[in-house]
Amino acid sequence: FLYLADIEVSHISRREGPSRGGTPVYIAGSNFVNNTQLTCRFGEQTTPAHFLTREVVLCFSPPIFRKSMNEKAIPLSVSNNAADYVFFGYFTYSSRTPNGLYQVGTEGNNTLLSCPRGAYCDGLLETNFTLCNPGTYQPLSGQRKCIQCPQGYVCNEFGMSVPRIC
């Protein structure tokens, strides 16, 4: 038998991320061991942990699929042997991006950008903005829908921010 000292966690870099997964979570502490059974557990889902040093490991949040659109906090734990887990906090999954914004990365709210003019973001896990369709326009940034082109004007292209006079 090989005795391993218990993992002690002092800090985690992220406590939230989108439900599509992929958020990098750096876990700082002590007694991490570089082996193939080094794992993180997000709720009931286990993911490989990447050994960086005896004091830091890196895990990526797995995707979570559920019908509820509310945020959900789940237990987060780490193990050297894929059997004995050390609980150290909660990770919150979010199914929505705030209206008018899109998320270019997976690092929580640090990568939220405002939708540009001529586009919209409806808030459902937006990873990019959507250009306004022909027949619509959007003069403002950060909007969740486009505006119907008024009579006497033409909006014949994708992504128009100003309608053209006929």
Closest non-hydrogen contact found for R14 with T23 is CD-CG2, 4.0 Å

- Message: Using ring centroids (six-membered ring only for Trp), state whether F91 and Y93 fall under 6.0 Å.
- Response: yes

Q. Is it the case that one hydrophobic cluster holds both V86 and L38, taking links as side-chain heavy atoms less than 4.5 Å apart, direct or via other members?
A. yes

- [ ] With the side chain counted from C-beta on, respond yes when Y137 and C146 share a heavy-atom pair under 4.5 Å apart, and no when they do not.
- [x] no

SG to SG below 2.5 angstrom is the rule I want applied to C132 and C155. Does it hold?
no

Rounded to the nearest 0.5 angstrom, the OG-CD1 distance for S30 and I7 is 9.0 Å

- Taking a hydrophobic cluster as the set of Ile, Leu, Val, Met, Phe, Trp and Tyr residues connected by side-chain heavy atoms closer than 4.5 Å, whether directly or through intermediates, do F51 and I12 fall within one such cluster? yes

Problem set entry | Donor-acceptor pair, side chain of S161 and main chain of G118, under 3.5 angstrom | no

>> Do F42 and V57 land in one hydrophobic cluster if side-chain heavy atoms of ILVMFWY residues count as linked below 4.5 Å?
In response: yes

CD1 of I27 to NE2 of H50, rounded to nearest 0.5 Å, is 10.5 Å

Here the gap from Y120 atom OH to L131 atom CG, rounded to the nearest 0.5 Å, amounts to 9.0 Å

Given the side-chain rings of Y85 and F88, with only the six-membered ring counted for Trp, is the space between their centroids under 6.0 Å? no

* **Check: Y26 and V56 side chains under 4.5 Å, non-hydrogen atoms** => yes

Discussion item. Can you confirm whether more than 12 heavy atoms, excluding those of F87, are under 6.0 Å from its CZ atom?
Written reply: yes

Rounded to the nearest 0.5 Å, the OG atom of S13 sits from the CZ atom of R15 at a distance of 9.5 Å

Between G22 and F60, the two heavy atoms sitting closest are O-CD2, 3.6 Å

Hey, does the side chain of R54 reach the backbone of F32 with a donor-acceptor pair shorter than 3.5 angstrom? yes

message: Test your reading of the model: is there a side-chain donor-acceptor pair from S61 to the backbone of G21, 3.5 Å cut-off?
response: no

In this structure, CZ of R41 is separated from SG of C59 (nearest 0.5 Å) by 12.0 Å

Here the gap from T130 atom OG1 to F158 atom CZ, rounded to the nearest 0.5 Å, amounts to 11.0 Å

Tested for side-chain contact (heavy atoms from CB on, under 4.5 Å) against N80, the lone hit among V33, D6, T39 is V33

